[in-house]
Amino acid sequence: KAGRAVGDALAAATVLLNPAEIIVAGRLSASQEFCQALQKTLDDRCFPESLAAARLSFTGSFSTQDAQGAALLPFLKQFDVEQGGDSLLD
């Protein structure tokens, strides 16, 4: 049930935003049943072209640093910021 619910939300976001990558992290993403339900929901609810352009990744681990890094990536790309030796997260 959780995989379908998250899949529904990600399907809407995928159709609207057409992301290049979708990363699902956390304890649930370590469950094969969850991942399969999420993938099936995306397959059922998204345009095939949208899914073909997006890479779906699952990682069972999650930390605050993971979230900060994930949030930082679009910022760096959008504003063409070069990340030097110092972390932009500090």
Side-chain angles (χ1 to χ4, degrees):
K1 190 172 181 177
R4 288 191 313 264
V6 173
D8 283 337
L10 285 178
T14 300
V15 169
L16 289 172
L17 303 173
N18 201 25
E21 188 163 13
I22 301 167
I23 302 170
V24 181
R27 291 183 186 149
L28 282 177
S29 65
S31 163
Q32 186 175 6
E33 183 179 341
F34 171 83
C35 295
Q36 289 173 342
L38 190 150
Q39 180 69 59
K40 181 173 180 347
T41 303
L42 287 175
D43 291 342
D44 292 345
R45 301 194 187 282
C46 288
F47 298 117
E49 299 82 9
S50 295
L51 284 181
R55 189 178 96 186
L56 179 61
S57 303
F58 295 96
T59 176
S61 64
F62 181 78
S63 71
T64 302
Q65 287 179 328
D66 292 337
Q68 289 174 329
L72 183 60
L73 288 175
F75 171 81
L76 294 174
K77 186 170 183 169
Q78 177 67 31
F79 296 105
D80 199 25
V81 176
E82 290 187 28
Q83 188 173 3
D86 294 334
S87 172
L88 293 174
L89 298 174
D90 294 335

> How far does CD of Q32 sit from CZ of F58, to the nearest 0.5 angstrom?
10.5 Å

> Measure the spacing between CG of L56 and SG of C35 and express it to the nearest 0.5 Å.
8.0 Å

> If you look at every heavy atom in S50 and T14, which pair is closest and at what distance?
CB-CG2, 4.0 Å

> Find the distance between CG (L51) and CD (E49) and round it off to the nearest 0.5 Å.
9.5 Å

> Taking 4.0 angstrom as the limit, do K40 and D44 come out as a salt bridge?
yes

> So F34 and V6, do their side chains get closer than 4.5 Å, heavy atoms only?
yes

> Once side chain to side chain contact (heavy atoms under 4.5 Å, CB included) is applied, do any residues pair with A11, and if so which ones, sequence neighbours excluded?
L42, R45, C46

> Shortest non-hydrogen contact from A25 to S29?
C-OG, 3.5 Å

> Closer than 3.5 angstrom, by distance alone: can the side chain of S57 be matched with the main-chain N or O of I23 as a donor-acceptor pair?
no

> Is any side-chain heavy atom of T59 closer than 4.5 Å to one of V24?
no

